[in-house]
A.B. asks: 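So that we are looking at the same thing, I have put the structure below in structure tokens.
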Amino acid sequence: MEDDSRNRARLAMMELANMISVPMSLNAIVRLNIPEAIWQGGSNSPLSASQILGRVLPSGDPENLQRILRMLTSYGVFQEHLTPAGTHPERKYSLTEIGQTLVTDAEGLSHAPYVLQHHQDALMAAWPLVYEAVVDPACEPFVKANGEPAYGYYGKRPEMNGLMQQAMSGVSVPFVKAMLDGYDGFQGVQRLVDVGGSAGDCLRMILRKHPNVREGINFDLPEVVAKAPQIPRVTHVGGDMFESIPTADAIFMKWILTTWTDDEVKLILENCYKALPVGGKMIACEPVLPEQSDDSHRTRALLEGDIFVMTIYRAKGKHRTEEEYRQLGHLAGFPHFRAFYIDHDFFSVLEFRK
């Protein structure tokens with residue numbers, strides 16, 4: 001029995017050591033447009049590797065594509081349909097629900113840009129240096145690999161910045177929809193500030209759902225809001241959240257706090273506190289770590305995202321637990337704190353009330 005246990009442990013470590021095959025294969029199928037080729041407007045008919053390539057790359061190698069499809073089948077991205085055919089059974093593939101997240105929906109969104117964004121050359125160059133975040137936490141691996149912080153690097157490269165915006169939309173829009181259905185904290189709010197609101201897409205969705213919000217302020221860096229489109233009931237305001245935030249009944253932000261250090265998050269929350277009246281609230285949508293680690297998909301996604309932040313954005317930026325957010329809010333002056341978990345999603349809603 002001890003030998004069996006030891007052998008299983010060795011096998012598990014081999015799986016972990018080879019796991020780079022998973023994201024790189026995901027990247028490959030997105031680049032090759034395989035999910036769209038199979039989906040075909042919802043037919044999702046099982047296709048062989050040769051049939052798939054006939055739709056996207058007739059000159060491609062079906063054997064190598066099949067190897068990729070088989071491996072991703074073991075992770076639930078595809079369903080394999082095996083048809084006996086003599087000594088060489090024919091394998092066909094359709095998309096599972098997981099695989100369907102890579103297909104562009106009616107709103108032009110999918111998780112495919114999220115996959116591509118994570119695997120660009122500049123980001124890949126940082127990953128061999130993850131250990132450096134332990135050796136020298138003053139500088140994240142991305143900077144050591146590329147010579148400057150990620151946001152500045154993106155800003156100089158429109159194609160990277162555009163892909164990041166697509167990736168964030170594909171991930172966040174479904175959550176915002178779920179949040180608006182499951183969270184009622186915007187009721188009674190008349191003036192709402194979205195900190196780091198970019199083009200104002202989330203603010204547009206909130207105002208559409210809650211007509212009681214008479215004025216929305218899309219607050220971001222001046223160079224960002226200068227490119228933002230006109231939206232009814234929305235005013236675009238440029239500024240720096242580390243200096244001050246426009247006054248409002250409520251402040252909203254999504255996926256902002258996780259990329260900053262504890263001291264920086266405390267400063268952001270202090271500026272939010274100053275901008276709110278008594279009874280006002282700051283509503284943050286952030287990844288929230290569970291107190292105890294487990295092997296669920298949600299916990300793994302959150303912990304993996306935490307390492308991504310450490311590697312790419314800030315070595316001491318991080319995903320936090322509910323209690324860590326509660327303590328930071330208290331230090332910033334907020335006496336009341338509540339957390340809402342919407343559909344067990346990657347994001348949670350954190351409500352800090354003055």
A.B. asks: Just do the side-chain contact (heavy atoms from CB on, under 4.5 Å) check on M179 and K209 with the steps written out, would you?
C.D. replies: CA-CA 11 Å; M179 177 194 70; K209 177 77 173 183; over 6 Å; no
A.B. asks: List, by chain and number, the other hydrophobic cluster members for V224, where Ile, Leu, Val, Met, Phe, Trp and Tyr join if side-chain heavy atoms come within less than 4.5 Å, directly or indirectly.
C.D. replies: L221
A.B. asks: Locate the shortest heavy-atom distance separating I312 from A126; write the atom from each residue and the value.
C.D. replies: CD1-CB, 4.0 Å
A.B. asks: Following the transitive rule for hydrophobic clusters with a side-chain heavy-atom cut-off under 4.5 Å over Ile, Leu, Val, Met, Phe, Trp and Tyr, establish whether M24 and F308 coincide in one cluster.
C.D. replies: yes
A.B. asks: Could you go through S45 and Q40, starting from their C-alpha distance and side-chain angles, then the distance that decides it, and tell me whether this counts as side-chain hydrogen bond (donor to acceptor under 3.5 Å, both in side chains)?
C.D. replies: CA-CA 8 Å; S45 300; Q40 290 288 293; over 6 Å; no
A.B. asks: Backbone N or O of N18 within a donor-acceptor pair of the S21 side chain at under 3.5 Å?
C.D. replies: yes
A.B. asks: Restricting to pairs with a member in residues 117-132, which pass salt bridge (charged side-chain N to carboxylate O under 4.0 Å, His left out), not counting sequence neighbours?
C.D. replies: E132-K144
A.B. asks: Sequence neighbours left out, what passes salt bridge (Lys or Arg N to Asp or Glu O under 4.0 Å) with R233? Give chain and number order.
C.D. replies: none
A.B. asks: Which is it for W260 and F242 under the ring pair (Phe, Tyr, Trp, His ring centres under 6.0 Å) test, yes or no, and what are the steps along the way?
C.D. replies: CA-CA 11 Å; W260 300 103; F242 290 106; 4.9 Å; yes
A.B. asks: Suppose we screen for salt bridge (Lys or Arg N to Asp or Glu O under 4.0 Å). Which residues come up paired with K227, at least two apart in sequence or across chains?
C.D. replies: none
A.B. asks: How would you list, by chain and number, every residue that makes a ring-ring contact (aromatic ring centres under 6.0 Å, His included) with F334, sequence neighbours excluded?
C.D. replies: Y273, F352
A.B. asks: Going by the salt bridge (charged side-chain N to carboxylate O under 4.0 Å, His left out) test, which pairs reach into residues 278-297, not counting sequence neighbours?
C.D. replies: K281-E351
A.B. asks: Do the side chains of H210 and L192 get nearer than 4.5 Å, heavy atoms only?
C.D. replies: no
A.B. asks: Linking I/L/V/M/F/W/Y whenever any side-chain heavy atoms sit under 4.5 Å apart, do V130 and Y313 land together?
C.D. replies: yes
A.B. asks: With sequence neighbours left out, what residues match E304 under salt bridge (Lys or Arg N to Asp or Glu O under 4.0 Å)?
C.D. replies: none
A.B. asks: To the nearest 0.5 Å, what is the distance between CE (M241) and CD1 (I256)?
C.D. replies: 5.5 Å
A.B. asks: Determine whether a donor-acceptor pair (N or O, by modelled atom type, separation under 3.5 Å) exists between the side chain of T235 and the backbone of I217.
C.D. replies: no
A.B. asks: Could you give the distance from CE (M168) to CG (L109), rounded to the nearest 0.5 Å?
C.D. replies: 12.5 Å
A.B. asks: Under the 3.5 angstrom rule, does the side chain of N161 hit a backbone N or O of R157 as a donor-acceptor pair?
C.D. replies: no
A.B. asks: Can you list, by chain and residue number, the hydrophobic cluster partners of Y131 when the side-chain cut-off is 4.5 Å?
C.D. replies: L129, V135
A.B. asks: Would you say the side-chain atoms of N212 pair up with the backbone N or O of F186, donor to acceptor, closer than 3.5 Å?
C.D. replies: yes
A.B. asks: Please name the pair of heavy atoms, one in N44 and one in Q100, separated by the smallest distance, quoted to 0.1 Å.
C.D. replies: ND2-NE2, 4.0 Å
A.B. asks: Any idea which heavy atoms bring H236 and N218 closest together, and the distance?
C.D. replies: ND1-ND2, 3.0 Å
A.B. asks: Scan residues 10-34 for pairs that pass salt bridge (charged side-chain N to carboxylate O under 4.0 Å, His left out), counting only residues two or more places apart or in two chains.
C.D. replies: none
A.B. asks: Determine, for R70 against E80, whether the closest basic-nitrogen to carboxylate-oxygen distance falls under 4.0 angstrom.
C.D. replies: yes
A.B. asks: Please tell me if the side chains of S110 and V103 come closer than 4.5 Å, counting only heavy atoms from C-beta onward.
C.D. replies: no
A.B. asks: Should V134 and W127 be regarded as members of a common hydrophobic cluster, given that ILVMFWY residues are connected when their side-chain heavy atoms come within less than 4.5 Å of each other, either directly or indirectly?
C.D. replies: no
A.B. asks: Answer yes if the side chains of E90 and S48 hold a donor-acceptor pair under 3.5 Å, and no otherwise.
C.D. replies: no
A.B. asks: Does Q79 have any side chain to side chain donor-acceptor pair (under 3.5 Å) partners at least two apart in sequence or in another chain, and if so, which?
C.D. replies: none
A.B. asks: Just checking H330 against F337, ring centres under 6.0 Å apart?
C.D. replies: no
A.B. asks: Quick check for you: to the nearest 0.5 Å, what is the distance between N33 atom CG and L102 atom CG?
C.D. replies: 10.5 Å
A.B. asks: Does any part of the side chain of I251, heavy atoms only, come nearer than 4.5 Å to the side chain of D194, both counted from C-beta?
C.D. replies: no
A.B. asks: Verify the cluster assignment for L203 and V225: are they in a single hydrophobic cluster under the rule of side-chain heavy atoms below 4.5 Å apart?
C.D. replies: no
A.B. asks: Answer whether the closest heavy-atom distance between the side chains of L69 and V77 falls below 4.5 Å.
C.D. replies: no
A.B. asks: Can V115 be reached from Y154 by stepping across I, L, V, M, F, W or Y side chains whose heavy atoms are under 4.5 Å apart?
C.D. replies: no
A.B. asks: Look at the side chain of R191 and the backbone N and O of T247, then say whether any donor-acceptor pair between them is shorter than 3.5 Å.
C.D. replies: yes
A.B. asks: Just jot down the side chain to side chain donor-acceptor pair (under 3.5 Å) partners of Y151, sequence neighbours excluded, or say none.
C.D. replies: none
A.B. asks: Kindly determine whether Q117 and L123 satisfy side-chain contact (heavy atoms from CB on, under 4.5 Å), including the steps that lead there.
C.D. replies: CA-CA 9 Å; Q117 193 271 335; L123 280 72; 4.0 Å; yes
A.B. asks: Check each of F175, F252, F340, Y341 against Y183 using the ring-ring contact (aromatic ring centres under 6.0 Å, His included) test, and report the only one that passes.
C.D. replies: F340
A.B. asks: For residues 262-271, which residue pairs qualify under salt bridge (charged side-chain N to carboxylate O under 4.0 Å, His left out), counting only residues two or more places apart or in two chains?
C.D. replies: D262-K318, D262-R320, E264-R314, K266-E270
A.B. asks: Look at K156 together with E148 and state whether they make a salt bridge at an N to O cut-off of under 4.0 Å.
C.D. replies: yes
